[in-house]
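The structure appears below as structure tokens.
Being a predicted model, the structure only gives us computed values, none of them experimental. When a ligand or atom number is given, it counts from 1 through the structure's own listing order.
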Amino acid sequence: MTRAAVLCGVGGALPTIAVSNEELASRFDTSDQWIRTRTGIGNRHVIEPGRATSDLAVEAATEALAVAGRTAGPAPVDLVVLATSTPDRPCPATAPVVAHRLGLGTVPAFDVAAVCTGFLYALATAVSMVTAGLADRALVIGADTFSTILDPADRTTAAIFGDGAGAVVLRAGEADEPGALLGFDLGADGAGEDLITVRAGGSRQRASGEAAAEGDQWFAMQGGPVFTEAVLRMSESSRTLLERLGWTGGEPAKVVAHQANIRILRAVGEQLGLDEKQFVVNLDRVGNTVAGSIPLALRDAVADGDLASGQRVLLTAFGGGLTWGSAALVWPDLGRPAPTPPELP
Ligand code: UT7
């Protein structure tokens with residue numbers, strides 16, 4: 001039997017503050033119609049004053065661990081990998097404090113930074129450690145609070161990004177079980193580092209000393225080229241993985257792609273010859289939650305009854321770095337769906 005990492009829990013968390021397109025239109029020269037037509041987004045959430053990325057990560061992880069307890073029984077978590085580009089502090093990583101607050105003892109815990117591809121990079125890392133025997137039960141979290149780094153004057157990024165977190169639990173198992181991660185395709189191209197960036201605050205343009213150039217402390221994105229690259233890279237990466245797995249002829253049943261823009265999802269669908277109905281969509285409710293996006297979409301799809309056990313599922317993402325990647329699994333039976341979060345005003 002081949003040792004594998006099997007998904008056995010999923011959870012998510014959103015801040016309580018919802019921001020509608022209408023509210024953005026009262027702040028910027030924009031409209032509900034522009035945002036819906038150009039992105040498909042109708043609402044996003046922003047972190048409450050005084051709260052941070054770790055707070056969302058702990059909430060999402062708590063839900064995922066509860067599901068894992070039901071489906072796979074109680075067992076100690078012995079690894080925490082957190083994908084984020086908005087850590088609580090630049091140093092240290094946020095994963096150790098998340099593990100501590102979850103009461104997981106002194107297990108190894110570290111952050112992975114690959115922006116919107118972060119969750120898939122973190123998942124690949126945790127899967128590798130489980131299959132290598134370095135861990136038996138791993139918690140993988142994607143959590144970001146981009147509202148804390150958005151330029152208050154930039155209507156484009158305000159329209160797209162939202163805060164949120166998602167988490168999955170992996171257990172050691174066998175490759176032919178539903179839930180086993182069956183393969184990955186990952187890539188990066190640093191030639192595109194300027195397309196999605198926060199220029200200041202690192203070792204190149206330092207947080208102290210010389211003042212950062214005006215606006216360089218904020219997140220900046222060149223939307224047009226990023227759109228084109230996102231479609232290209234997610235399509236190519238997905239195709240590579242699907243061919244390797246022999247999933248052809250309309251497979252996979254479901255695609256859970258990074259939730260950046262409905263037009264990107266449609267274009268990837270066209271490239272892969274897949275129907276729009278095969279794509280899980282929650283960006284209308286939450287926007288682009290960066291590393292939180294894929295696990296939160298998984299969690300919402302379970303809650304909405306949009307993912308059924310036995311379905312072949314493709315995960316695919318693109319983000320800053322540039323980075324991209326895909327992963328595949330057969331969806332496991334996670335039992336009773338997690339309750340749908342209450343409607344927010
Ligand atoms: O998370 C991974 C990385 N991120 C992405 O995948 C995002 C990829 N990019 C996109 O989703 C799209 O490029 C955006 C949604 C960011 C922008 O949509 P677009 O259709 O590419 O618009 P654009 O940037 O070409 O801008 C078209 C016009 C511009 O006005 P002018 O120069 O033609 O007069 C923008 O200033 O739309 C304007 N615009 C807006 N208008 C109203 C940009 N943002 C807004 C806005 N409301 N919120």
Side-chain angles (χ1 to χ4, degrees), residues 19-44 83-86 113-121 142-147 149-166 186-189 192-198 218-238 255-269 271 279 281-284 286-297 315-326:
V19 179
S20 66
N21 291 347
E22 286 79 8
E23 190 172 337
L24 287 184
S26 70
R27 289 190 224 154
F28 304 100
D29 179 15
T30 188
S31 65
D32 177 53
Q33 205 248 347
W34 191 96
I35 300 171
R36 276 186 201 275
T37 316
R38 304 309 295 167
T39 71
I41 296 167
N43 189 69
R44 74 285 299 143
T84 188
S85 299
T86 44
V115 202
C116 295
T117 320
F119 176 74
L120 289 186
Y121 270 62
D144 268 305
T145 52
F146 260 44
S147 68
I149 59 168
L150 294 186
D151 181 345
D154 185 349
R155 63 181 174 174
T156 308
T157 52
I160 299 173
F161 289 96
D163 300 339
L186 300 173
D189 180 7
E193 69 168 337
D194 286 334
L195 294 184
I196 296 173
T197 187
V198 179
W218 303 123
F219 174 83
M221 181 180 73
Q222 296 176 39
V226 168
F227 188 109
T228 310
E229 279 285 321
V231 174
L232 177 77
R233 297 301 189 179
M234 284 200 280
S235 303
E236 279 185 0
S237 173
S238 297
V255 182
V256 184
H258 173 58
Q259 304 282 306
N261 186 323
I262 193 70
R263 293 187 296 129
I264 294 178
L265 303 195
R266 286 184 188 134
V268 171
Q271 292 290 321
F279 283 71
V281 176
N282 73 344
L283 59 81
D284 51 322
V286 303
N288 177 352
T289 55
V290 192
S293 183
I294 285 184
L296 196 52
L315 315 178
T316 188
F318 172 84
L322 302 173
T323 54
W324 57 87
S326 303

Review point. Starting from atom 1 (O) of ligand 1, which protein heavy atom do you reach first, and at what distance in Å?
Key: Asn288 ND2, 2.6 Å
Review point. Does atom 27 (C) of ligand 1 have a protein non-hydrogen atom under 4.0 Å from it?
Key: no
Review point. How far is atom 24 (O) of ligand 1 from its nearest protein heavy atom, and which residue and atom name does that atom have?
Key: Gly224 N, 4.8 Å
**Study point:** For ligand 1, the portion of Asn261 having any non-hydrogen atom under 4.0 Å away
**Key:** side chain
Review point. Is there a donor-acceptor contact under 3.5 Å from the side chain of Gln259 to the main chain of Ala257?
Key: yes
Practice item. Check whether any protein heavy atom sits under 4.0 Å from atom 3 (C) of ligand 1. Key: yes
Review point. Backbone or side chain, does any N or O of Gly223 fall under 3.5 Å from an N or O of ligand 1?
Key: yes
**Study point:** Closest approach of any protein heavy atom to atom 36 (O) of ligand 1, naming residue and atom
**Key:** Arg155 NH2, 2.9 Å
Revision key, fill the gap. Atom 44 (N) of ligand 1 has as its nearest protein heavy atom Thr156 OG1, 2.8 Å
Check your understanding: Any idea which atoms of ligand 1 are less than 4.0 Å away from a heavy-atom of Phe318?
Key -> 2 (C)
Check your understanding: Within 4.0 Å of atom 34 (O) of ligand 1 (strictly less), any protein heavy atom?
Key -> no
Exercise for review: Between Thr39 and ligand 1, find which residue part has any heavy-atom pair under 4.0 Å and reply side chain, backbone, both or neither.
Suggested key: side chain
Practice item. Just jot down the ligand 1 atoms closer than 4.0 angstrom to any heavy atom of Met221, in number order. Key: 4 (N), 7 (C), 16 (C)
Revision key, fill the gap. Counting from 1 in the order shown, the ligand 1 atoms closer than 4.0 Å to a non-hydrogen atom of Ile264 are 6 (O), 8 (C)
Check your understanding: What do you think, any protein heavy atom under 4.0 angstrom from atom 48 (N) of ligand 1?
Key -> yes
Review point. To which protein heavy atom is atom 21 (O) of ligand 1 closest, and what is the distance rounded to 0.1 Å?
Key: Arg263 NH2, 4.2 Å
Point to revise | Subset of ligand 1 atoms that lie under 4.0 Å from at least one heavy atom of Ile196 | key: 3 (C)
Study note, to complete from the structure: re atom 14 (C) of ligand 1, the protein heavy-atom contact at minimum distance is Ile160 CD1, 4.2 Å
Review point. Under the 3.5 angstrom rule, does the side chain of Thr323 hit a backbone N or O of Ala114 as a donor-acceptor pair?
Key: yes
Check your understanding: What do you think, any protein heavy atom under 4.0 angstrom from atom 18 (O) of ligand 1?
Key -> yes
Exercise for review: Identify, for atom 5 (C) of ligand 1, the protein heavy atom at the shortest distance, and state residue, atom and that distance.
Suggested key: Val226 CG1, 3.5 Å
**Study point:** Under 3.5 Å: donor-acceptor pair, side chain of Thr84, backbone of Asp144
**Key:** no
Review point. Does the Asn21 side chain pair with the main chain of Ile41, one donor and one acceptor, at a distance under 3.5 Å?
Key: yes
Study note, to complete from the structure: If you scan protein heavy atoms around atom 20 (O) of ligand 1, the nearest is Arg38 NH2, 2.8 Å
Review point. Is atom 9 (N) of ligand 1 less than 4.0 angstrom from at least one protein heavy atom?
Key: yes
